[in-house]
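Below is one structure; the comments refer to it alone.
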Amino acid sequence: MPDLPTPALHEWNLMPEAAIALQKRLAPKIQREDRLGEVSTIAGMDIGFEDGGEITRAALILLEWPSLTLVEQIVHREPTRMPYVPGLLSFREIPAALGAFSRLSRWPDLIMIDGQGIAHPRRLGIASHLGLWLDLPTIGVGKSRLCGRFGDVPEEKGHWTPLTDRRRPEDPADIGIVEGDRVTIGAVLRSRENVKPLFISGGHRVSLETAVDWVTACLGKTKLPEPTRLADRLASRRGEVRESGRLPL
DNA sequence: GCGACAG
DNA sequence: ATCTTGTCGC
């Protein structure tokens, strides 16, 4: 049984200025180099809402690697405590996510989260924040852009273009490839043809290249990688997810 | 000052 | 995110 610090209200229910200050203090702690062990399980995390937003619903999926077989699925519901504010998403969704993780029978070796990693104004998106809290390798798998610019994305599945942003004063020198006053913070990946691309970024303890590799390796026939796809389904729709294993390539 | 803005 | 019907395409 994993044991994790209980999220105290005062640590998450912060005023915007305090939350931003905390992000700036935590961002330097993010590990951008690969620090993953052997991967035998991968988790997928996503959040949904009920009652017009009154209830937060955290969905956690645990898959076995490389079969991508479902080994555990958890749904955790609790009252919503923060409104959605661009850039402060983690404060709204992480408490519920931790509730789901506390019910997991064992820690995953890698986690994919619906949202950004360091591709964030202060380089601390929800995937990074959660990874730091759990001290586990995380990858951000966003369905849309929060910040940064990118050029045309190749049409071929698996190809991508860098997501770059203006370098911020507090950005560490090794945050990514630096070109002039810009830095690469993520990858805009064509996970599937004829569909809008995915925004991949390292969360914690995972480099961008490795993040893209893992997401690509978990792609099936759909736009989202299996971990996130299943968590997504569990977070929104009712009922459970039944899965028998990896889809044919 | 005017947009943009993860889920 | 969520509210919502049918519809086009592989």
Side-chain angles (χ1 to χ4, degrees), chain A residues 12 16 19-20 23 26-27 30 44-61 75-100 111-132 138-150 155-157 163-166 168 185-204 208 211 215 219-225 227-238 247-249:
Chain A
W12 301 99
I20 290 174
Q23 291 181 326
L26 297 179
I30 292 299
M45 174 92 251
D46 188 32
I47 306 296
F49 297 89
E50 301 175 9
D51 297 346
E54 297 303 306
I55 297 297
T56 298
R57 182 188 173 91
L60 182 56
I61 290 288
V75 173
H76 175 79
R77 302 164 73 259
E78 62 176 68
T80 301
R81 59 176 95 183
M82 292 275 287
Y84 167 68
V85 178
L88 301 181
L89 179 69
S90 62
F91 294 89
R92 171 179 167 82
E93 304 191 339
I94 285 184
L98 295 179
I111 307 170
M112 290 190 191
I113 296 114
D114 196 310
Q116 313 296 331
I118 66 169
H120 174 279
R122 290 168 291 285
R123 314 304 182 226
L124 195 80
I126 187 170
S128 296
H129 200 163
L130 181 63
L132 192 59
T138 59
I139 294 173
V141 182
K143 295 189 290 295
S144 61
R145 182 196 71 91
L146 171 58
C147 67
R149 304 186 325 200
F150 60 99
E155 296 300 330
E156 303 85 340
K157 175 180 180 178
L163 174 65
T164 68
D165 194 18
R166 177 148 219 164
R168 316 255 169 171
I185 56 176
V188 188
L189 173 72
R190 187 120 264 155
S191 58
R192 180 191 168 146
E193 303 186 322
N194 289 58
V195 177
K196 287 191 303 180
L198 248 33
F199 294 75
I200 311 304
S201 56
H204 183 49
L208 176 59
V215 169
L219 285 177
K221 182 66 178 175
T222 53
K223 168 183 178 177
L224 297 175
T228 290
R229 182 179 75 80
L230 295 175
D232 214 272
R233 174 197 297 187
L234 193 56
S236 49
R237 304 176 186 180
R238 281 288 187 175
L247 302 171
L249 294 176

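In what follows, chains are A, B, ... by sequence order, proteins preceding strands, each numbered from 1.
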Sugar-phosphate only, base, or nothing, as touched by A:Asp46 at under 4.0 Å among non-hydrogen atoms
sugar-phosphate

CG-CD1 distance between A:Leu89 and A:Ile113, expressed to the nearest 0.5 angstrom
11.0 Å

How long is the line joining CE of A:Met82 and C1' of C:dA1, in whole Å?
16 Å

Any salt bridge linking A:Arg190 with A:Glu156? Criterion: basic side-chain nitrogen under 4.0 Å from a carboxylate oxygen.
no

Whole-Å distance separating the CD atom of A:Glu93 from the C1' atom of C:dA1:
8 Å

Send over the distance from A:Glu54 CD to C:dA1 C1', rounded to a whole Å.
13 Å

A:Lys143 with A:Asp232: basic N within carboxylate O range, under 4.0 Å
yes

Have a look at A:Leu88 and say if it touches a base, only the backbone sugar-phosphate, or nothing, with a 4.0 Å heavy-atom cut-off.
base

Quick one: are A:His76 and A:Glu78 in side-chain contact, heavy atoms under 4.5 Å?
yes

Atom-pair distance (CG on A:Leu146; P on C:dA1), nearest Å:
15 Å

Within 6.0 angstrom of A:Arg168 CZ, more than 12 heavy atoms from elsewhere
yes

Heavy atoms under 4.0 Å, any strand shown: does A:Tyr84 hit a base, just sugar-phosphate, or nothing?
base

Under 4.0 angstrom, heavy atoms only, what part of the nucleic acid is A:Gly125 near: base, sugar-phosphate, or nothing?
base

C:dT2 P sits how many Å from A:Glu50 CD, rounded?
9 Å

For A:Phe49, check ring pair (Phe, Tyr, Trp, His ring centres under 6.0 Å) against everything at least two apart and list the hits.
none

Please confirm whether the shortest side-chain N or O distance from A:Lys143 to OP1 or OP2 of C:dA1 is below 4.0 Å.
yes

So where does chain A start and stop touching DNA chain B, 5' to 3', when the test is distance under 4.0 Å to a non-hydrogen atom?
B:dA4 to B:dG7

Under a 4.5 Å cut-off applied to non-hydrogen side-chain atoms, are A:Asp46 and A:Leu234 in contact?
no

Please classify the nucleic acid contact of A:Gly53 as base, sugar-phosphate, or nothing, using heavy-atom distances under 4.0 Å.
nothing

